[in-house]
Amino acid sequence: MIERYSHQKVEGFWQTKWKENQVFESKLDNKKNKYYVMEMFPYPSGKIHMGHVRNYTLGDVVARYKKMKGFNVLHPMGWDAFGLPAENAAIKEKKNPSDWTYSNIKVMKKQLKSMGLSIDWSREIATCHPDYYKHEQKFFIELYKKGLAYKKESLVNWDPVDQTVLANEQVIDGKGWRSGAEIIQKKLSQWFLKTSAYSEELLSDLTKLTNWPEKVKTMQSNWIGKSVGLEIDFSILKSENISSQKLKIFTTRPDTIFGATFCAISPNHPLAIEIKKTNTEVKNFISRIEKNDEKINIDEKLGIDSGIKVKHPVKTNSELPVYIANFVLMEYGSGAIFGCPAHDQRDLEFANKYKLDVIPVVMPKNEKVDSFSIKNQAFVEDGILINSEFLNGLSVEQAKKTINEKLVKDGSAKYKTNFRLRDWGISRQRYWGCPIPIIYREDGKVLPVKEKELPVLLPQNISLTGKGNPLGQNKDWKKTICPETGMAATRETDTFDTFFESSWYFLRYCSPRSKEAFEKKSLNYWMPVDQYIGGIEHAILHLLYSRFFTKALRDLNYFNFDEPFKGLFTQGMVTHKTYYSSSQEWLNPEDVYFDQKTNSTKKVVGDTPVEVGRSEKMSKSKNNVIDPSSIINKYGADTARWFMMSDSPPERDLEWTETGVEGSYKFINKIWNFSNKILFEESLNNSEMTERDINFKNNINNYIVRISTNIEKFHFNKVVANIYELTNYAQKEYECKDLAKNTFLDFLKTYAKLIHPIIPHISEEIWNLMKNEGMVVDQTWPILEKLKIDETKSKVKLAIQINGKTREIIEVGEAATKKEVEELVMINKKIFKYIDGKEVKKIIYVPKKILNIVV
RNA sequence: GGGCGUGUGGUGGAAUGGUAGACACGGUAGACUCAAAAUCUACUCGGCGCAAGUCGGUGGAGGUUCAAAUCCUCUCACGCCUACCA
């Protein structure tokens with residue numbers, strides 16, 4: 001009798017064994033090639049979810065595989081431990097954010113360990129620990145001294161629910177990314193990091209990232225948004241109340257200058273602010289725009305004539321009105337534009353609304369000047385210049401060049417490159433974050449905290465109410481003195497955006513306990529990260545900030561590499577069907593069942609019918625969450641890992657299904673039973689190796705190649721299919737009882753290695769059952785056995801096509817020539833039927849694949 | 001509005017110019033069993049046919065090619081991201 005496979009016993013046993021032998025603890029070793037693989041670290045929210053299981057299984061498969069391939073693997077884990085939920089829990093449940101966070105970490109660490117991950121836990125970091133955040137306080141001061149961190153008064157996105165400032169990227173459709181609240185504009189003094197200083201490099205270095213998904217690179221490139229154009233000065237025609245004489249505008253379409261019929265400036269433009277002091281109509285308009293409710297309907301273009309006129313820079317005797325318009329952004333370019341309605345959709349909508357002229361200056365090649373006009377659709381494609389004096393007849397590109405040169409020569413314009421990327425606002429009015437190490441002296445001086453005074457620790461005794469700035473309310477903490485002068489001073493009460501911590505943690509993993517932030521020799525050995533794995537939702541923010549940080553720290557002479565992540569992989573979400581009851585509530589998958597008799601889905605309690613919705617990302621709001629722990633308890637980690645890798649390609653969404661998990665569980669047991677049969681069933685002979693054995697070994701070689709390349713290419717769903725196929729194949733051969741026992745013992749040894757990256761526990765158990773030495777985790781990946789193959793005897797299947805349609809499949813020798821195959825085919829009855837009485841025009845032969853006869 | 005992606009059986013998906021549907025889930029039939037579970041075996045794209053077989057088939061319409069799910073053009077549907085960036 002074969003003993004039933006018990007994941008409860010087996011998995012814990014091997015997890016302990018790996019730990020005792022410290023097999024995952026990485027040491028710097030210059031003789032070995034390193035491989036640094038890491039997944040995005042989790043926020044300790046309470047317990048792990050299926051997204052984590054997928055993410056960390058993916059990384060673990062890579063880590064274990066690379067280790068077996070002989071690499072010195074670094075596979076660390078940590079906690080993105082600062083953040084709002086801890087503070088919200090503190091307010092709601094009167095818990096200390098620190099206690100709440102650390103107890104969550106404890107729970108989640110246990111869960112992650114139960115997955116059997118090959119993590120070097122000796123490198124574990126938590127970003128809320130002073131030993132971690134003290135280093136970033138130091139970086140900040142160094143960035144400040146270098147002019148890369150600065151404070152400015154600015155309009156910021158204010159989340160009225162979280163009572164905090166959000167970065168532009170954190171505002172989605174006008175709502176807070178976490179709270180979902182409608183965001184309002186508020187003026188505050190904020191700390192910024194000069195990400196814009198690296199715009200050009202952040203953009204151009206994207207080309208170096210050959211192991212990144214194109215999609216992510218495109219998203220970053222669009223976000224940085226480089227545009228090359230011209231900054232043109234328009235002279236302001238004197239108006240008594242205006243101090244400035246010129247209006248600077250930015251354009252990428254200087255070729256359309258003759259089509260300009262107005263100028264527009266942002267409501268925040270200095271000129272607009274000046275005008276509103278004396279013009280109440282303008283003042284009322286601007287305050288209306290600034291009101292939040294005006295921002296909701298962003299489609300409606302609103303403007304007001306400022307009363308000012310400017311001179312057209314090239315068209316003689318032409319004056320343009322200057323409007324104040326809601327669609328012009330102060331943050332981009334110079335906050336002012338010239339409007340060319342014929343060739344810009346926004347300008348056209350605005351012009352149509354306020355009855356401004358529309359002058360077409362570019363027309364399609366085949367049009368006639370007299371009949372060409374613009375109605376509701378601006379013409380934005382290439383064409384021929386018209387109504388443009390000396391530019392007439394030129395193409396858009398030629399016209400650009402001509403007008404550029406003229407305006408620059410005249411001194412009324414200069415070349416300008418603008419980026420959409422803005423500086424990163426890092427101030428947050430929160431408690432549970434890293435304190436910004438700045439003091440404000442009573443004489444008004446702003447000073448960075450002295451290095452020896454670091455870290456600036458968060459105060460322990462704090463009462464969180466959810467109103468206002470917690471550190472600002474803590475008077476004892478806030479009050480300090482200037483160590484140099486002894487003058488009274490107050491501390492900065494804002495904390496860093498939590499993206500600050502996650503922008504450099506991959507560097508800290510290299511020497512997580514070093515006194516200084518980094519140990520140079522460790523950094524230079526391990527960095528860059530060879531493979532980073534995480535969700536696509538971080539395609540812009542986290543990855544861009546990390547890239548910026550790497551470049552900024554490089555320029556502070558910490559190291560000399562340019563990019564943090566050599567390879568990036570973004571995995572899809574884990575989804576589940578949604579269930580909606582007649583009483584209008586979302587039902588958990590556990591509370592419904594499929595009734596085969598009526599062919600419908602029903603509620604377990606009450607037996608009432610349930611509507612089945614489409615598969616969506618597991619979320620509390622849709623109540624379609626499956627708890628990983630209960631799955632691991634019931635089926636074991638190997639089952640969960642196997643299912644995670646099966647079916648869907650990792651970059652796509654994976655639908656979690658009960659039947660799929662059952663199937664994975666059955667497979668684990670099947671492997672176990674088969675292995676036991678090989679080892680203990682006395683039905684195999686001990687005879688010599690025959691040709692059949694060699695053939696079998698050759699086929700196993702084939703599977704090794706396929707599995708290896710599929711792992712390298714991240715095609716894990718195909719690896720799973722390969723292993724299924726391999727198992728079925730070996731089982732069939734076994735049932736034939738024609739092979740030698742040693743052949744199967746060799747096979748099982750190889751097999752245990754091949755399944756190890758995905759399902760390591762059962763792999764160790766099989767290895768142990770065979771009484772092999774050591775553990776699979778320390779073995780080298782299977783090498784191909786060199787076997788003697790008789791080329792003339794090995795056959796391949798060849799498809800015979802008539803006019804491209806497959807009509808017959810024949811077996812021929814691997815090295816068969818065209819002539820040999822032709823001869824074989826012509827005497828084949830089935831094929832002859834199709835050729836008979838027809839003229840053979842052409843025969844195409846692709847060795848080992850097809851022979852196509854064209855008749 | 002812009003960008004990216006996807007469309008193949010009942011389902012997840014294989015096949016990146018050469019046998020469409022690997023592998024898995026589900027389903028049907030059978031074996032074992034008092035019975036069930038588990039396990040094993042066979043079948044499972046559609047039409048016609050008792051069968052051998054044959055015709056059709058990768059969202060739709062064209063095209064390139066000896067050969068197209070794959071390459072090109074147009075078109076439809078869905079999904080994701082992004083959005084007044086001048």
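The figures that follow rest on heavy atoms only: side chains count, while hydrogens, waters and symmetry mates do not. Lettering follows sequence order; numbering is per chain, from 1.
Not a single donor-acceptor pair, N or O on each side, falls under 3.5 Å between the base of B:C23 and the side chain of A:Lys718.
What separates CD of A:Gln220 from C1' of B:C81 is a distance of 13 Å, to the nearest Å. A:Glu725 has its CD atom 14 Å from the C1' atom of B:G13, to the nearest Å. Distance, A:Glu735 CD to B:C40 P: 10 Å, rounded to whole Å. In this structure, CD of A:Glu349 is placed 13 Å from C1' of B:A83, rounded to the nearest angstrom. Atoms CG (A:Leu329) and P (B:U82) sit 17 Å apart, rounded to a whole Å. Between the P atom of B:U39 and the OH atom of A:Tyr665 lies a distance of 10 Å, rounded to the nearest Å. Residue A:Phe643 contributes atom CZ, which lies 13 Å from atom C1' of B:G13 at whole-angstrom precision. The separation between A:Asp344 atom CG and B:A83 atom C1' is 14 Å, rounded to whole Å.
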Treat primed atoms plus P, OP1 and OP2 as sugar-phosphate and everything else as base, then score nucleotides 63-68 of chain B 5' to 3': B for base contact with protein heavy atoms under 4.0 Å, S for sugar-phosphate contact only, - for none.
---BS-
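Look at the C1' atom in both B:C32 and B:G21: the space between them is 32 Å, to the nearest Å. Separating the C1' atom of B:U44 from that of B:U33 is a span of 26 Å, rounded to the nearest Å. Straight-line distance between the C1' atoms of B:A52 and B:G59: roughly 35 Å, to the nearest whole Å. When the P atom is compared between B:C48 and B:G10, the two are found 16 Å apart, to the nearest whole Å. Comparing B:U82 with B:U73, their P atoms are spaced 28 Å from each other, to the whole Å. If you take atom P in B:U19 and the same atom in B:C84, they sit 49 Å apart, rounded to whole Å. For the P atoms, the distance linking B:A61 with B:U54 amounts to 26 Å, nearest Å. When the C1' atom is compared between B:G27 and B:U11, the two are found 11 Å apart, to the nearest whole Å.
Mapping A:His715 and A:Phe327 onto RNA chain B via the closest heavy atom, the residue that lands nearer the 5' end is A:His715. Nearest-nucleotide assignment on RNA chain B puts the 5′-proximal partner with A:Ala799, out of A:Ala799 and A:Gly335.
Across residues 704-713 of chain A, not one residue has a non-hydrogen atom less than 4.0 Å from an atom of RNA chain B.
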Show the numbers, then the answer: is there a ring pair (Phe, Tyr, Trp, His ring centres under 6.0 Å) between A:Phe674 and A:Tyr734?
CA-CA 9 Å; A:Phe674 182 41; A:Tyr734 178 85; 5.8 Å; yes
Determine whether A:Tyr724 and A:Trp642 satisfy the following criterion, ring pair (Phe, Tyr, Trp, His ring centres under 6.0 Å), listing intermediate values before the conclusion.
CA-CA 11 Å; A:Tyr724 272 125; A:Trp642 183 257; 5.5 Å; yes
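At least one side-chain heavy atom of A:Thr251 sits under 4.5 Å from a side-chain heavy atom of A:Arg253. Side-chain contact check for A:Met645 versus A:Val719: every heavy-atom pair is 4.5 Å or farther apart. Looking at heavy atoms from C-beta onward, A:Lys670 lies in side-chain contact with A:Gln731 at the 4.5 angstrom threshold.
The OG1 atom of A:Thr727 sits 9.5 Å away from the CG atom of A:Leu754 when rounded to the nearest 0.5 Å. If you take CZ on A:Phe569 and CD1 on A:Ile536, they are separated by 10.0 Å, rounding to the nearest 0.5 Å.
The cationic atom of A:Lys301 (NZ for Lys, CZ for Arg) does not lie both less than 6.0 Å from the six-membered ring centre of A:Phe350 and within 45° of the ring axis.
In this structure, A:Val328 reaches the bases: a heavy-atom distance under 4.0 Å links it to at least one base atom across the strands shown. Across all strands shown, A:Tyr724 has heavy atoms under 4.0 Å from sugar-phosphate atoms exclusively, and none from any base. Among the heavy atoms of the strands, none lies under 4.0 Å from A:Thr657. Contact annotation for A:Ser646: no contact, since no heavy-atom pair falls under 4.0 Å across all strands.
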The dot-bracket string of RNA chain B, counting Watson-Crick and G-U wobble pairs with both distances under 3.5 Å, using [ ] for crossing pairs and | for pairs to another strand, is (((((((..(((.....[....)))((((((.......))))))((((....))))..(((((..]....))))))))))))....
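The pair A:Lys677-A:Glu735 counts as a salt bridge, with a side-chain nitrogen and a carboxylate oxygen less than 4.0 angstrom apart. Under a 4.0 Å N-O distance rule, the pair A:Glu397/A:Lys400 does not qualify as a salt bridge.
Taking side-chain N and O atoms only, A:Arg807 has a distance below 4.0 Å to OP1 or OP2 of B:C55. Considering only side-chain N and O atoms, A:Asn728 lies under 4.0 angstrom from the phosphate OP1 or OP2 of B:A24. Under 4.0 angstrom from either OP1 or OP2 of B:A24 there lies no side-chain N or O belonging to A:Ser664. Dashed line: the shortest gap from a side-chain N or O of A:Thr806 to OP1 or OP2 of B:A20 is under 4.0 Å. Using a 4.0 Å cut-off, no side-chain N or O of A:Asn717 falls inside it from OP1 or OP2 of B:A24. Under 4.0 angstrom from either OP1 or OP2 of B:U6 there lies no side-chain N or O belonging to A:Arg652.
Set against B:U82, B:A86, B:G26, the side chain of A:Thr659 has B:G26 as its closest nucleotide. Closest to the A:Ala721 side chain, of the nucleotides B:C23, B:U82, B:G26, is B:C23. Considering only the side chain of A:Val846, B:G18 comes nearest among B:G18, B:U39, B:G12. Side-chain atoms of A:Met219 lie closest to B:C81 of the nucleotides B:A83, B:C81, B:A22.
Taking the syn range as angles within 90° of 0, the glycosidic angle of B:G7 is outside it, so the base is anti.
For the 3.5 Å distance criterion, the side chains of A:Tyr5 and A:Ser675 fail to qualify, holding no donor opposite an acceptor.
Between A:Phe643 and A:Tyr635, the ring centre distance reaches or exceeds 6.0 Å. Ring centroid separation for the pair A:Tyr665 and A:Phe667 does not come in under the 6.0 Å cut-off.
The one candidate from A:Phe327, A:Tyr323, A:Phe285 that meets the side chain to side chain contact (heavy atoms under 4.5 Å, CB included) condition with A:Leu302 is A:Phe285.
Heavy-atom contacts from other residues, nucleotides or ligands closer than 6.0 Å to NZ of A:Lys577 number 12 or fewer.
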